[in-house]
Structure formats: C-alpha cells, structure tokens
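Proteins get letters first, then strands, A, B, ... in listed order; numbering begins at 1 in each.
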Number of protein chains: 2
Amino acid sequence: MKSVVTIREAAARSGVSAKMIRHYESIGLIAPPIRAENNYRFYDPRLIHELGFIHRARELGFSIADIGALLALWRDRNRPSAEVKAIALSQIAVLEAKADALRAMSATLRHLAAHCHGDDRPDCPILENLAGDQSITQSRK
Amino acid sequence: MKSVVTIREAAARSGVSAKMIRHYESIGLIAPPIRAENNYRFYDPRLIHELGFIHRARELGFSIADIGALLALWRDRNRPSAEVKAIALSQIAVLEAKADALRAMSATLRHLAAHCHGDDRPDCPILENLAGDQSITQSRK
DNA sequence: GCTTGACCTTCCCATGATTGGAAACTTATA
DNA sequence: TATAAGTTTCCAATCATGGGAAGGTCAAGC
C-alpha cells in the first residue's frame, strides 16, 4: 500500500472530495502537497490524516474558520485543552440554537398542518396563517 | 395612511428588506410594482400583503421555490388544500431531518467535551476523536 | 438659488461550503 | 494509436442575503 498517493486516493482515504482537497489547499487550511514532475499532487500520510481530521470536524458542523483553529491546536503538542474545549462548547451552543430554531418552525408548521383538511376543499389554515390571519396560531382557549 | 408606498415603506410594513424586495421581483417571485415618473417603485396593499406572506413563509424555513408554489396556490381561490398540506408536510420533514442532524452533532460534541479537562493540560479527547482515535466515541460500557 | 441629507435606481461583489463543468494536459489500457 | 480515465487550472453556479459604489431625485433649510 503506497504511502504517497494521488488526490483521488487521498480523497478516498480521507472522505474529503478531490474538489474540496484542492479548495482547502487554496484557502490555506492545509499545506500544499508535493508535486510530481507532471505537476500532479501527491499526498503523504500526514496530510491525509489532516484531511480526515477536517472531514470529521465538518461532520460535527464546525466552520472552516473553527477547523483552522482546531488544526493549529492539534499541531501544537503543548496546547491547553481549555482552548479546544472553548471552541467545542461554542459550537455546541451554535448547533443547539440552530436546532431549536428548526424545531420551533417545525412545531408551528405541524400545528398548522394538523388543522388543514388536506383534501379538495380550498380552505387551508396554512395559507391563512401565511397570509397574516392570526386566528390559528393565536391560542385563546 | 397612504395605500401606495415607496419600497422603504413596503419593507417596513412587510418585514422584507428593500434589498430583498427588489431581489424577489428580479427572480419573478412577485410581480413588478408600478413605477412613478421618476422610476421609483410604488407598492399597493396587494403586493405588500404578498411580501408579508413571503416574510412569514421564510420564517418557517420554506425555500424560495416552495414559496413560489405556495404563492401560486394562495392566489388560486380553488386550490385544493391537499397541495398546500403536501408542501407543508415535506417542509416539516426537511426541518426535522436538519434538526435531528444538528442534535446528533451536538450530542457527540457534548459527549467529547464532557471528557475534556478544559485546563492547561494538552490531552484532549475532542482533538483525539477528530484525529481519528475512536476510543472516546466507542461505547463499551 | 444652492446645499445637505435622505431617499431611490442599477450594477457588481461577498458571504460559506460545495459542486459542476470546460479546456488542456498526462497516464494507462486495449 | 485510439480511447478512457486520471490530473491540472479557472470560471461559474448554488442559496438567501447584505454591502457598497455611482448616479438620479426630492424635500428641507439657509
């Protein structure tokens, strides 16, 4: 198993598409790999490892900026874990805020849809609500 | 209170920014408003109403494409409510899938962060996990 | 009348992460 | 040698929104 591979193989091993590998290089997130005589990029295990790191961080929703910071901390053997944890906690807060917003939208829509016949008749509380009629969402038990 | 107003007033009344009002017109989501002799746009209550509709639909996370369909249904007095409900149910599914994905990310991160000291010491399960070390996320109680 | 400031217009560009594709080149297969 | 499959760079599109420039228009105050 070769340890220095083309961009296609690096993509397969890291889970990052070849397109995005080039992109991450262009924005300076990863170092440029070595080039063969034919100008092809070749990736060593260290770079592939970093790409895998990026891939997993993206799966956790980290922004590219955050990943840049995390990579810098990861490369620093003496980094304080507090810095990493602070980024993670901030990201948790962002994720939960987004999830809450989506849940709120979903709950409102479910409420409206529950009152919509969903048949051939034209009257529809969903449209009425979007049109500004408050009678559905107003709770006046 | 004038019933035909400038774009600024239409923005204030509908909750859609003037920028976005022009944008929605440019993509055909709303009809072009009348123009005064000086080429200024002027909005009548019907258009302002539609902009309010769009604003509320955006708050519920509908895409512009979906809003176009909803607007068409809204303008059609004889539309079957089933079509509206189908769009809403699809949107609910999208929202909940996104919320679930965010919650899963958050849960994983919370789990990792809980095991991170968050002090001056360099060892950090968060970075270890991102680096590909599975020992944290593997649950082997 | 002239200046100032607050509008309006169109146009281009940026965001964030990713994908698609074109044009040109190299390599491997048949 | 033809072809298919890789690679390179560059440009563009996505989605919804915002920023800003450059110029036209309008009202108020002096």
| Separation of atom OH in B:Tyr40 from atom C1' in D:dA27, rounded to whole Å | 10 Å
| query | Between B:His115 and B:His111, what is the ring plane arrangement, given parallel below 30°, perpendicular above 60°, and tilted in between? | reply | perpendicular
| query | Would you say A:Asn38 reaches D:dT7's phosphate, i.e. side-chain N/O to OP1/OP2 under 4.0 Å? | reply | no
| request: Search all heavy atoms of B:Glu25 against all heavy atoms of B:Tyr43 and return the closest pair with its distance. | output: OE1-OH, 4.1 Å
| note | One would report the end-axis bend of the helix from C:dG1-D:dC30 to C:dA30-D:dT1, five pairs per end and rounded to 10 degrees, as 30°
| Closest to the A:Ile64 side chain: C:dA17, D:dT8, C:dT9? | C:dA17
| Once you round it to whole Å, what is the distance between P of D:dA4 and CZ of A:Arg8? | 16 Å
| request: Would you jot down, in residue-number order, the residues of residues 16-27 of chain B having a non-hydrogen atom under 4.0 Å from DNA chain D? | output: B:Ser17, B:Lys19, B:Met20, B:His23, B:Tyr24
| request: Take B:Ala65 and A:Phe42, find for each the nucleotide of DNA chain D with the closest heavy atom, and name the residue whose nucleotide sits nearer the 5' end. | output: A:Phe42
| query | Ion pair present between A:Arg121 and A:Asp119, side-chain N to carboxylate O less than 4.0 angstrom? | reply | yes
| task | Could you check how far NZ of A:Lys98 sits from C1' of C:dA17, rounded to whole Å? | result | 12 Å
| query | Quick one: are A:Lys85 and B:His117 in side-chain contact, heavy atoms under 4.5 Å? | reply | no
| What's the shortest heavy-atom distance between A:Leu70 and B:Leu130, and which atoms? | CD1-CD1, 4.0 Å
| query | Does B:Arg41 put a side-chain nitrogen or oxygen below 4.0 Å from OP1 or OP2 of C:dT10? | reply | yes
| query | Under 4.0 Å: is that the gap between some side-chain N or O of A:Thr6 and OP1 or OP2 of D:dT7? | reply | yes
| request: Rounded off to whole Å, could you give me the CD1-to-P distance for the A:Ile67 and C:dG16 pair? | output: 13 Å
| query | Take atom CG in A:Asp120; do more than 12 heavy atoms of anything else shown fall under 6.0 Å from it? | reply | no
| field | Closest listed nucleotide, where the reference is the side chain of A:Ile7 and the choices are D:dT7, C:dC7, C:dA17 | value | D:dT7
| remark: When rounded to whole Å, the CD1 to P distance for the pair B:Ile54 and D:dA16 reads 12 Å
| query | Parallel, tilted or perpendicular: which describes the rings of B:Trp74 and B:His49, with under 30° parallel and over 60° perpendicular? | reply | perpendicular
| Between D:dC15 and B:Arg58, is there an OP1 or OP2 to side-chain N/O distance shorter than 4.0 Å? | no
| field | Closest contact, heavy atoms only, A:Phe42 versus A:Tyr40 | value | CD1-O, 3.5 Å
| task | Check the distance between C:dT26's P and A:Arg35's CZ and give it to me in whole angstrom. | result | 14 Å
| query | Atom CG of B:Asn39 and atom P of D:dT25: how far apart are they, to the nearest Å? | reply | 9 Å
| remark: Minimal heavy-atom distance between B:Leu112 and B:Pro125, with the atoms involved, is CD2-O, 4.0 Å
| message | Strictly below 4.0 Å, N to O, side chains only: are A:Glu83 and A:Arg79 in salt-bridge contact? | response | no
| request: Check the distance between D:dA16's C1' and B:Glu59's CD and give it to me in whole angstrom. | output: 15 Å
